[in-house]
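Predicted model only: the values in this text are computed from it and were never measured. Order of the sequence lines fixes the chain letters, A, B, ..., with proteins taken first and strands second; residue numbering starts at 1 for each chain.
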Amino acid sequence: MSTQIQEEADEPTETEAETAPAERQSPGDRRRAEKRTASDQAVGSEPVGRADDDTFRLKVFRYDPEVEGKMEPRFDDFYVPREKGMTVLDALIYARDHYDTTLTFRHSCRQAVCGSDAFFVNGRQRLGCQTQISDLEAPIRVEPLPHQDVVKDLVVDMEHFYDQMHAVEPFFQEDDLPSGDLEEQRQSRENREKIKMSTRCIWCGACMSSCNIAAGDNEYLGPAAINKAYRFAMDDREGDDLKQHRLNIMDQEHGVWRCQTQFSCTNVCPKDIPLTEHIQELKREAVKQNLKFW
Amino acid sequence: MHEHDVLVIGGGGAGLRAAIAAHEEGADVAIVTKLHPVRSHTGAAEGGINAAIRDGDSWDLHAYDTMKGSDYLGDAPAIETLAQDSPGETVQLEHWGMPFSREDDGRVSQRPFGGLSFPRTTYAGAETGHHLLHTMYEQVVKRGIQVYDEWYVSRLAVTDEDDPSDRQCHGVVAYDIKTGQIEGFKARNGVILATGGLGQVYDHTTNAVANTGDGAAMAYRAGAPLEDMEFIQFHPTTLPSTGVLISEGVRGEGGILYNAEGERFMFEYGYANNAGELASRDVVSRAELTEINEGRGVDDEYVYLDMRHLGEERITDRLENILHLARDFEGVDGLEEPMPVKPGQHYAMGGVETNEHGQTCIDGLYAAGECACVSVHGSNRLGGNALPELIVFGARAGRHAAGTDLGEPEIATGKADEFETEDNLDTPVEPGAVADGGEDESAVADGGERTDGSRVSSDPRSDGGETAVASADDVVRRAVENERTRVEYLIEKDEGIQQAELREKLQKSMTQNVNVFRNEEGLKQALEDIREVREAYQDVYVDDPSRTFNTDLIHTIEMQNLIDLAEAITLGALARDEFRGAHWRQEHQERKDDEWLKHTMLAWDDGTPDLYYKPVILDGEEKTYEPKVRSY
Ligand SMILES: Cc1cc2nc3c(=O)[nH]c(=O)nc-3n(C[C@H](O)[C@H](O)[C@H](O)COP(=O)(O)OP(=O)(O)OC[C@H]3O[C@@H](n4cnc5c(N)ncnc54)[C@H](O)[C@@H]3O)c2cc1C
Ligand code: SF4
Ligand code: FES
């Protein structure tokens with residue numbers, strides 16, 4: 001979000017100054033500074049690449065807290081040759097490798113399992129690698145995930161997302177395990193089926209970014225973390241006491257009750273997890289549990 | 001400087017398992033990883049984990065299948081350890097809550113996989129790796145193990161005695177991707193490399209963009225030998241446009257391969273009359289390429305994998321994510337049409353030489369997972385055998401590094417005097433570091449200078465004639481300084497060549513010449529291309545001046561690793577003039593047991609690759625494995 005960008009830009013080199021004082025005085029630093037300004041001039045508002053029938057326009061959000069000129073967020077235009085089967089991630093890689101190696105975005109698996117490349121593409125959260133160019137209208141506009149601090153270009157700070165994920169005790173906790181050395185716990189097919197969708201989360205952050213409530217309440221656990229809680233609360237292998245404990249974590253001010261069932265998370269989840277349904281089910285379970293104690 | 005007992009480099013399956021094991025032994029352990037752990041490529045594994053956990057199956061059957069699959073180039077002690085420990089480790093995952101697929105009686109499901117005599121591939125839908133990775137990351141969170149995420153390890157801090165077996169690893173240097181800080185990490189007990197595969201050496205691969213073989217290359221340059229690098233597995237069923245893998249599970253469930261003429265070629269052309277589609281990967285990959293080369297491929301590029309006859313219910317139940325993959329990445333509906341597939345780079349059987357405890361010949365340096373070579377897979381890995389390798393040897397490395405006594409290892413590491421050396425390899429160009437004799441060697445882009453700046457001398461000092469050994473802190477500090485110099489140099493330089501261009505050239509040549517079909521001419525061509533790239537790399541520069549998330553810099557450093565590993569693969573492939581497992585030589589169509597029952601070893605030797613051979617160990621606990629013809 002551009003609102004947060006200003007704050008960051010004011011203090012980008014502080015840590016650097018603390019840890020590497022010697023380097024800051026080196027001649028290399030002077031040259032680096034020169035290079036920074038030079039590279040600013042090199043890329044800018046002029047579109048890069050050729051506009052013709054075989055190319056499409058890719059508009060990419062640019063921001064770097066350290067490079068002068070890029071401290072003010074802007075969009076760069078790249079004309080990328082259209083290819084059959086090309087994804088948004090392929091297009092970004094093309095632009096980076098052929099036009100501007102400073103273009104920065106996270107990506108790794110190229111197959112929708114690592115969750116690195118959730119971007120805001122033509123106004124919607126999507127995984128770059130899972131989005132075919134042919135399904136979009138040009139110009140294709142790629143921005144970092146909204147409601148998250150931008151680190152640089154399309155890279156956002158995921159810390160808050162990770163904190164929320166960690167806040168729900170996201171780990172299996174059964175201590176009453178079968179005694180036999182090689183004996184597994186039993187789980188019915190139905191129960192495995194019940195948690196199946198919830199176990200598919202790849203921590204991409206798309207859902208959290210799409211959620212208005214999360215945008216307004218920084219403490220709201222958010223859809224992905226609640227889904228994680230669901231994954232364990234519904235797993236029969238954990239006993240009833242734990243289920244109760246997990247419902248208690250959900251049944252709090254910044255837990256399930258914040259959700260206003262807008263379905264934005266469910267709509268953007270690249271793994272088709274029925275997030276809103278899961279949140280609703282936890283609300284019902286929490287109510288049921290509370291009734292038990294009346 | 002950060003300091004921990006045990007440092008685990010990498011947060012994939014092997015790294016997470018190692019960290020949990022070290023933590024359980026009471027060590028102060030931290031994971032340093034360039035990707036957040038859940039982003040590791042272990043998450044892409046689909047098929048499953050081989051473990052003998054059922055009546056009718058046994059660890060020795062698993063060991064036998066693995067040895068046969070390895071084409072008798074696996075070491076028996078490693079293979080038997082894998083087969084013995086896998087059941088316990090797999091059930092451990094279940095106890096940590098991993099959502100395995102289930103049978104009617106509630107027990108975990110297993111399925112058949114290529115090259116297995118019993119259906120022992122334990123799976124969780126078609127997303128076994130995803131669940132394995134997330135389940136273990138959850139346990140890391142539970143234990144509060146510290147994770148330095150998005151820290152790129154760029155150098156090992158190793159001492160510089162002449163003989164690598166006398167050297168010691170004291171830690172690593174890492175670069176904080178977010179802020180550009182370069183810091184030393186000291187390891188009181190040990191450093192465990194778990195950096196995964198090297199698929200980016202090729203341009204068509206199932207591996208992730210981050211699989212650049214960093215750990216293997218760093219260990220190699222620090223003196224730990226690489227083992228059996230020529231053995232690269234190509235997966236027979238990858239989608240043509242992206243390299244995304246269509247799991248062997250499809251064939252396990254009954255999927256059929258057809259050529260353009262609609263012939264079931266695995267049988268009709270006699271590639272594997274018994275196993276058909278379930279023959280091992282190298283056999284199927286070569287069959288497909290033969291079909292394509294002989295004009296029976298579709299669009300001269302691929303063949304078809306058909307699963308429609310399995311029916312919608314079975315497909316959605318067991319192979320649902322295959323439907324997603326085919327749709328999202330190839331635009332094909334697997335319920336309606338056959339899927340186009342072709343072979344792609346998939347797995348590196350070779351890696352850093354280790355023993356059963358994960359130790360390399362350098363004291364305090366361990367390796368586990370795909371970057372290591374114990375060796376379990378020999379010349380060919382069976383599907384479903386990598387995930388157990390991660391957990392079995394990850395756990396062992398973690399325990400050993402934490403100080404647990406695991407007994408005497410049976411596998412030796414390091415170069416022994418009696419080993420046979422390769423003196424007659426005819427290479428068209430000189431391999432190894434570019435000797436430029438520059439004064440400030442640590443500043444050249446090529447981090448693999450002949451005297452590696454990361455190593456600190458422990459020579460006797462002249463004052464008073466006493467032997468003063470460099471302290472661990474000094475070793476780490478020196479490595480940090482050298483790294484700062486290199487990074488400064490790369491960023492400061494403002495013209496030259498960029499890594500993307502070099503990477504493309506290297507990858508193309510490797511795919512062209514060091515593929516499933518190999519011949520002398522192509523391999524020599526590859527060595528020349530690699531040399532050219534290596535020399536050009538001397539002039540590489542980083543365009544992005546920023547200290548914030550400078551991926552240009554990271555990719556440039558990774559490029560060095562790709563060059564060193566591409567060369568190692570190709571040298572091994574040129575030396576080995578036989579056909580064994582995944583390594584096929586046009587001029588040498590038979591397995592030569594008299595000559596080649598030995599591991600190809602490559603030591604960096606301060607910039608001059610030294611090729612030698614280590615005998616394979618076929619003596620198991622109770623029996624000796626007799627090499628047989630590997631037919632399916
Ligand atoms: C598509 C696919 C399907 C597969 N299916 C199966 C299967 O069904 N069964 C099976 O047994 N095997 C399978 N395999 C093989 C198996 O998944 C891999 O061999 C295994 O997951 C590798 O795990 P790893 O922990 O060694 O590495 P990875 O999971 O790749 O992890 C490497 C880690 O190292 C870190 N890292 C790398 N370099 C650095 C650095 N310089 N500094 C800091 N950190 C670094 C990364 O961040 C990452 O966390 C499959 C492989 C692929 C590609
Ligand atoms: S729930 Fe879906 S959108 Fe949210 S983080 Fe997980 S995979 Fe991404
Ligand atoms: S690159 Fe891994 S999810 Fe897109």
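In this structure, chain B has heavy atoms under 4.5 Å from both the backbone and the side chain of Arg110(A). Contact annotation for Asp97(A): both backbone and side-chain heavy atoms come within less than 4.5 Å of a heavy atom of chain B. Of the atoms belonging to Asp272(A), it is side-chain heavy atoms, and not backbone ones, that fall under 4.5 Å from chain B. Looking at Met158(A), only its side chain comes within 4.5 Å of chain B, counting heavy atoms on both sides. Within the 4.5 angstrom heavy-atom criterion, no atom of Glu190(A) approaches chain B. Both the backbone and the side chain of Arg200(A) come within less than 4.5 Å of a heavy atom in chain B. With a threshold of 4.5 angstrom between heavy atoms, Ile93(A) does not approach chain B through any atom at all. Residue Leu182(A) touches chain B through both its backbone and its side chain, counting heavy-atom pairs closer than 4.5 Å.
For the residue pair Gln132(A) and Phe329(B), the shortest heavy atom distance occurs at NE2-CA, 4.3 Å. Shortest non-hydrogen contact noted between Arg192(A) and His131(B) is NH2-NE2, 4.5 Å. When every heavy atom of Thr316(B) is checked against every heavy atom of Lys196(A), the shortest pair comes out as O-NZ, 4.4 Å. Closest heavy-atom contact between Ile202(A) and His134(B): CA-CE1, 4.4 Å. Between Ser188(A) and Arg102(B), the shortest heavy-atom distance links the atoms O-CG, 4.5 Å. Among all heavy-atom pairs drawn from Thr199(A) and Pro99(B), the shortest one is CG2-CG, 3.8 Å.
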Criterion salt bridge (Lys or Arg N to Asp or Glu O under 4.0 Å) on Asp544(B) and Lys70(A), from CA distance to verdict: CA-CA 12 Å; Asp544(B) 192 343; Lys70(A) 256 180 103 181; 5.6 Å; no
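No side-chain donor-acceptor contact under 3.5 Å links Arg39(B) to the backbone of Cys109(A). Checking side-chain atoms of Glu66(A) against main-chain N and O of Thr548(B) turns up a donor-acceptor pair under 3.5 Å. Not a single donor-acceptor pair under 3.5 Å links the side chain of Lys142(B) to the backbone N or O of Phe171(A).
Put simply, CG on Asp153(A) and OG1 on Thr551(B) are 8.5 Å apart, with the number rounded to the nearest 0.5 Å. To the nearest 0.5 Å, the span separating CD on Glu138(B) from CD on Glu169(A) amounts to 12.5 Å. Taking OG1 of Thr104(A) as the start and CD1 of Ile554(B) as the end, the distance is 11.0 Å to the nearest 0.5 Å. Glu184(A) CD to His95(B) NE2: the interatomic distance, rounded to the nearest 0.5 Å, is 7.5 Å. Atom CZ in Phe100(B) sits 11.0 Å away from atom CD in Gln187(A) (nearest 0.5 Å).
Classified by interplanar angle (parallel below 30°, tilted 30° to 60°, perpendicular above 60°), the ring pair Tyr137(B)/His166(A) is tilted. Below 30°, between 30° and 60°, or above 60°: for His107(A) and His555(B) the angle between ring planes is above 60°, a perpendicular geometry.
Ranked by heavy-atom pairs under 4.5 Å with chain A, the first of Ile53(B), Thr90(B), Asp105(B) is Asp105(B). With chain A as the partner, the residue from His324(B), His36(B), Arg503(B) showing the most heavy-atom pairs under 4.5 Å is His36(B). The most heavy-atom pairs under 4.5 Å with chain A, out of Ala208(B), Gly97(B), Gly43(B), come from Gly97(B).
By the neighbour-count criterion of 12 heavy atoms within 6.0 Å, atom CD of Glu301(B) is densely surrounded, having more than that number from other residues, nucleotides or ligands.
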